Visitor: 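Structure incoming, see below.
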Protein chains: 2
Amino acid sequence: MTNNMSADQITSLLRNRGITPTAQRLEIAELLFSRCEHLSAEDVFQLVNAGAQRVSKATVYNTLGLFAEHGLIREVIADPTKVFFDPNTTPHHHFFDISSGKLIDIPAEQVHIGALPEVPAGMQLEGVDVIVRVRRPGTV
Amino acid sequence: MTNNMSADQITSLLRNRGITPTAQRLEIAELLFSRCEHLSAEDVFQLVNAGAQRVSKATVYNTLGLFAEHGLIREVIADPTKVFFDPNTTPHHHFFDISSGKLIDIPAEQVHIGALPEVPAGMQLEGVDVIVRVRRPGTV
DNA sequence: TGAAACTATTAGAATAATTATAATTGTTAC
DNA sequence: GTAACAATTATAATTATTCTAATAGTTTCA
Ligand SMILES: [Mn+2]
Ligand SMILES: [Mn+2]
Ligand SMILES: [Zn+2]
Ligand SMILES: [Zn+2]
């Protein structure tokens, strides 16, 4: 899925969430919402700096963290070596391909969780993540 | 749950899995199977070296990786900052308390997954991990 | 208006989880 | 018994991420 949003659309998307749209944030947001993929911070850093270096690694982390905090994107914890950032914030789950280190979406309706245990006393439910680990046979 | 196994029992546990029982491996195995908790590599490093330093950090990682590879323990990917190692290898799921960074077991029978999507073509199912993220209200 | 004072944003420097590789120990062959 | 080899350990290096110092933007008030 690929989306094409104008600079203005992205600007107001950020403003609507209370995020001041800076040059760096717009570049990163543009990148995230055009390719609608699961990207690591390193991926974003490489893509946003394709050609000339314009945004620091720390700013990429700051921005991704800020976007996640404000619900524009979502963190996916599946690969032990790095966090993935997911522009798709609608409820869904993931295959994690151990061989390639890539995530594949699973539509929410394809996973039916019949019963969930009671949340521990005094705790608030934040979300349920289902990770289906798969591997290409013959791979480590 | 706490288990008390003799040095001999642990030795044969390793041997049965084809792991040569060395001093370091026995110390770490003893530690893992007496406390039956979710421990990070750093936790194991601290516990095994309580008092005098005997085992290096790299050996802790090597050993935990080896144990996991041979099915003695299991890796749990829930905290973005570190991997947890779980001496409980029977199928079960986890609460992850974002506030404290601790894992809590969920017995397998308390999660009923009604339907699972078809595994992508040519891929082999490795496992299904359900992480229920919870938070103590008022915490970041 | 036009600086101070303050706040928000960025990025260079530091940290910490993990891995790569070199050193050590143990085992086999002769 | 010793040389070749294999397995194990641990030091050194890597890298994902965070900390904090520097920069840019905004508000206050003379
Ligand atoms: Mn990691
Ligand atoms: Mn990490
Ligand atoms: Zn996704
Ligand atoms: Zn567990």
Side-chain angles (χ1 to χ4, degrees), chain A residues 10-11 14-15 17-29 31 38-49 52-70 72-86 96 98 101-103 140, chain B residues 10-11 14-15 17-29 31 38-49 52-70 72-86 96 98 101-103 140:
Chain A
I10 294 175
T11 301
L14 297 197
R15 282 234 170 80
R17 301 271 182 158
I19 298 172
T20 338
T22 67
Q24 289 90 333
R25 289 171 184 173
L26 287 171
E27 286 218 55
I28 292 174
L31 192 155
H38 304 98
L39 298 172
S40 69
E42 175 68 26
D43 293 337
V44 173
F45 177 72
Q46 293 300 336
L47 288 167
V48 83
N49 289 326
Q53 148 107 14
R54 279 162 301 179
V55 185
S56 78
K57 187 75 77 76
T59 296
V60 170
Y61 275 97
N62 287 339
T63 303
L64 292 172
L66 188 75
F67 285 3
E69 213 176 298
H70 288 255
L72 270 177
I73 60 177
R74 163 186 168 187
E75 295 189 6
V76 182
I77 316 297
D79 185 327
T81 70
K82 65 194 173 215
V83 171
F84 279 105
F85 295 89
D86 192 343
F96 180 65
I98 300 168
K102 292 257 162 58
L103 287 173
V140 192
Chain B
I10 294 175
T11 301
L14 297 197
R15 283 233 170 80
R17 300 272 182 158
I19 299 172
T20 341
T22 67
Q24 289 90 333
R25 288 171 184 172
L26 287 172
E27 285 217 56
I28 292 173
L31 192 156
H38 304 97
L39 298 173
S40 69
E42 174 69 26
D43 293 337
V44 173
F45 177 72
Q46 292 301 335
L47 287 166
V48 83
N49 288 326
Q53 148 107 14
R54 279 162 301 178
V55 184
S56 79
K57 187 77 75 80
T59 296
V60 170
Y61 274 96
N62 287 338
T63 303
L64 291 172
L66 189 75
F67 286 1
E69 214 175 296
H70 288 254
L72 270 176
I73 60 178
R74 164 187 168 186
E75 296 188 5
V76 182
I77 317 296
D79 185 328
T81 71
K82 63 190 175 225
V83 171
F84 279 105
F85 295 89
D86 192 344
F96 180 65
I98 301 167
K102 292 259 162 58
L103 287 173
V140 191

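Keep in mind that this is a model prediction, so the values were computed, not measured. Letters go in sequence order (proteins before strands), and every chain restarts at 1.
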Visitor: To the nearest Å, give me how far apart CG (Asp79(A)) and P (dT15(D)) are.
Guide: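 Distance, rounded to whole Å: 15 Å.
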Visitor: Go through the steps to decide whether Ile77(B) and Asp79(A) satisfy the test side chain to side chain contact (heavy atoms under 4.5 Å, CB included), and finish with yes or no.
Guide: CA-CA 7 Å; Ile77(B) 317 296; Asp79(A) 185 327; over 6 Å; no
Visitor: For DNA chain D, whose closest nucleotide is more 5', that of Ala58(B) or that of Arg25(B)?
Guide: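 Residue closer to the 5' terminus by nearest nucleotide: Arg25(B).
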Visitor: May I have the distance from Asn62(A) (atom CG) to dA22(D) (atom P), rounded to whole angstrom?
Guide: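 Rounded to whole Å, this separation is 17 Å.
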Visitor: Using the closest heavy atom to pick a nucleotide of DNA chain C for each, name whichever of Ile19(A) or Glu42(B) lands nearer the 5' end.
Guide: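 Per heavy-atom nearest nucleotide, the more 5' residue is Ile19(A).
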Visitor: Starting from P on dA7(D), measure out to CG on Leu14(B) and report it in whole angstrom.
Guide: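 It is 17 Å, rounded to the nearest whole Å.
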Visitor: Tyr61(A) OH to dC19(D) C1': how many Å, rounded?
Guide: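 So the two atoms are 14 Å apart, to the nearest Å.
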Visitor: Any Lys/Arg nitrogen of Glu42(A) or Lys82(A) sitting under 4.0 Å from an Asp/Glu carboxylate oxygen of the other?
Guide: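 No, this pair does not count.
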Visitor: Check whether more than 12 heavy atoms from other residues, nucleotides or ligands sit under 6.0 Å from atom CZ of Arg54(B), and answer yes or no.
Guide: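 Correct, the count exceeds 12.
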Visitor: Between Lys82(B) (NZ) and dT18(D) (P), how many Å, whole number?
Guide: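 Rounded to the whole Å, the gap is 12 Å.
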Visitor: 5' to 3' on DNA chain C, which nucleotides open and close the contacts with chain A (atom under 4.0 Å from a heavy atom)?
Guide: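 Using the under 4.0 Å cut-off, the span is dT9(C) to dG12(C).
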Visitor: Which is true for Thr59(B) with a 4.0 Å heavy-atom rule: it touches a base, it touches only sugar-phosphate, or it touches nothing?
Guide: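 Result for Thr59(B) = base.
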Visitor: Nearest 0.5 Å please: distance from the CG atom of Leu26(B) over to the CG atom of Leu31(B).
Guide: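 These two atoms lie 12.0 Å from each other.
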Visitor: Could you check whether Thr81(B) gets within reach of a base, just the sugar-phosphate, or nothing at all, counting any heavy atom under 4.0 Å?
Guide: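 Thr81(B): backbone/sugar contact only, no base atoms under 4.0 Å.
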Visitor: With a 4.5 Å limit on heavy-atom distance, are the side chains of Thr63(B) and Val44(B) in contact?
Guide: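 With C-beta onward as the side chain, the pair stays apart.
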Visitor: Do Ser40(B) and Asp43(B) pair up side chain to side chain, a donor and an acceptor below 3.5 Å, judged on atom types alone?
Guide: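 Checked: Ser40(B)/Asp43(B) side chains pair up, N/O donor to acceptor below 3.5 Å.
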Visitor: Let me spell it out: for each of Ala23(B) and Pro80(B), pick the nucleotide of DNA chain D with the closest heavy atom. Which residue's pick is nearer the 5' end?
Guide: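 Between the two, 5'-proximity favours Ala23(B).
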Visitor: With a 6.0 Å cut-off (strictly less than), is the heavy-atom count around NZ of Lys102(B), excluding the residue itself, greater than 12?
Guide: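 Counting other residues, nucleotides and ligands, NZ of Lys102(B) stays at 12 neighbours or fewer.
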Visitor: Can you work out whether Val83(B) or Thr20(B) has the more 5'-proximal nearest nucleotide on DNA chain C?
Guide: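 By nearest-heavy-atom nucleotide position, the 5'-most residue is Val83(B).
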